[in-house]
Amino acid sequence: MSHQMSTASSQAPEETSAALPRSSAVVKAFSHAAEVTARHPVLAAAAKLALEHWMRAEAHRLVHNLHADDRMIASAARTIAARDAGCAVLMEQIDAWAATLVGPLRTSMLHSESLGQLISRLCIAWTRWRLLSIEGHPAAVPGAESALDQLTELCTAYDDLIADLRGGRRHLPVHQTSTGLYVAA
């Protein structure tokens, strides 16, 4: 991978972004981490991001449980904060990788989100859909079909971005607001 990173700046846009995974591979990484983690750094981070978002969603469920006591809610709130920090670190890792591979082309249009932010939104939509689907048949659970539609739309948007990056029509933001552990309050 270090050779890839060191030669990225000298390659054409279609060559440098060719290693960007399609949405189907990213979504597969959410539920099949063992199959993808060694193959691609973005897919490995996406698999870890799915675990963080899953634990975050479960903690949110506990916070909203009417039968939870104060200790349980406080513990869940700490879990949410820790999972938020974990998600931020993983998004920053994806963004750092993408910045070395897909440099900005000043002649192309700027995309509004970083790759890490978009993959995190994909993961949130996937997590929501999976949690709703677990509760029963997806067609019978209110919101499950809408969650799947949202995931499908985000997958299309992600694939469109990858195509635009490959074609040199878009570039990713260079400067992101730091979201990791060292953000000033």
Side-chain angles (χ1 to χ4, degrees), residues 20-98 112-159 161-162 172 176-185:
L20 291 169
R22 295 192 40 83
S23 65
S24 57
V26 174
V27 171
K28 184 178 180 182
F30 295 156
S31 58
H32 297 89
E35 295 176 27
V36 298
T37 54
R39 290 193 343 226
H40 197 286
V42 169
L43 298 179
K48 292 174 187 172
L49 198 55
L51 181 59
E52 293 289 342
H53 278 298
W54 190 272
M55 290 186 293
R56 187 179 181 279
E58 289 295 335
H60 269 284
R61 284 179 146 189
L62 185 58
V63 166
H64 297 291
N65 182 340
L66 297 176
H67 304 291
D69 64 24
D70 289 345
R71 277 190 12 240
M72 291 169 60
I73 291 172
S75 176
R78 286 189 296 276
T79 297
I80 292 167
R83 301 298 52 100
D84 284 345
C87 288
V89 167
L90 290 164
M91 286 187 296
E92 288 176 356
Q93 287 174 2
I94 292 169
D95 292 342
W97 178 86
S112 60
E113 288 183 300
S114 72
L115 191 65
Q117 290 168 328
L118 185 52
I119 290 174
S120 183
R121 284 198 314 128
L122 269 170
C123 190
I124 290 167
W126 176 84
T127 301
R128 182 172 164 253
W129 171 69
R130 291 290 298 145
L131 285 171
L132 288 170
S133 296
I134 287 172
E135 292 177 2
H137 189 275
V141 177
E145 189 173 330
S146 175
L148 182 57
D149 290 343
Q150 180 189 22
L151 176 60
T152 302
E153 285 179 353
L154 284 171
C155 285
T156 300
Y158 176 90
D159 287 337
L161 173 62
I162 298 306
L172 297 169
Q176 292 295 314
T177 303
S178 180
T179 55
L181 300 172
Y182 304 106
V183 176

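When a residue number appears, it is its place in the shown sequence, counting from 1. Bear in mind that the values here come from a model prediction, so they are computed numbers and not experimental data.
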Heavy atoms of other groups near D70 CG, more than 12 under 6.0 Å: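 Atom CG in D70 is not crowded, with 12 or fewer foreign heavy atoms closer than 6.0 Å.
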List for me each residue that meets side chain to side chain donor-acceptor pair (under 3.5 Å) alongside [X], sequence neighbours excluded, and say none if there are none.
X    : value
Q93  : none
T79  : none
T127 : none

First locate atom [atom1] of [X], then atom [atom2] of [Y], and finally report the distance between them rounded to the nearest 0.5 Å.
X    : Y    : atom1 : atom2 : answer
H60  : N65  : NE2   : CG    : 14.5 Å
I94  : S120 : CD1   : OG    : 8.0 Å
D69  : S75  : CG    : OG    : 10.0 Å
M91  : E113 : CE    : CD    : 10.0 Å
S112 : L161 : OG    : CG    : 9.0 Å

Mind listing the closest non-hydrogen atom pair of [X] and [Y] along with its distance?
X   : Y    : answer
L62 : A68  : O-CB, 3.7 Å
A76 : V63  : CB-CG2, 3.6 Å
A46 : A29  : CB-CB, 4.3 Å
W97 : P41  : NE1-CG, 3.3 Å
P21 : I162 : O-CG1, 4.1 Å

Is there side-chain contact between [X] and [Y], with at least one heavy-atom pair below 4.5 Å?
X    : Y    : answer
S24  : Y158 : no
R56  : D84  : yes
L115 : D95  : yes

May I have the list of side-chain donor-acceptor pairs in residues 148-155 shorter than 3.5 Å, sequence neighbours left out?
| unit_1 | atom_1 | unit_2 | atom_2 | d |
| --- | --- | --- | --- | --- |
| Q150 | OE1 | R128 | NH1 | 3.4 |
| T152 | OG1 | L148 | O | 2.9 |

- prompt: What class does the angle between the rings of W126 and F30 fall in, given that below 30° is parallel, 30 to 60° is tilted and above 60° is perpendicular?
  reply: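 Taking F30 first and then W126, their aromatic rings sit tilted (interplane angle of 30° to 60°).
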- request: Go through the structure and list residues passing salt bridge (Lys or Arg N to Asp or Glu O under 4.0 Å) with R78, not counting sequence neighbours.
  value: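 Applying salt bridge (Lys or Arg N to Asp or Glu O under 4.0 Å) to R78 gives none.
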message: Let's go through L131 and R61 carefully: what are the C-alpha distance in whole Å and the side-chain angles of both, what is the deciding distance for side chain to side chain contact (heavy atoms under 4.5 Å, CB included) to 0.1 Å, and is it a yes or a no?
response: CA-CA 10 Å; L131 285 171; R61 284 179 146 189; 4.0 Å; yes
field: Listed partners of L51 passing side-chain contact (heavy atoms from CB on, under 4.5 Å), at least two apart
entry: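 L51 satisfies side-chain contact (heavy atoms from CB on, under 4.5 Å) with M55 only.
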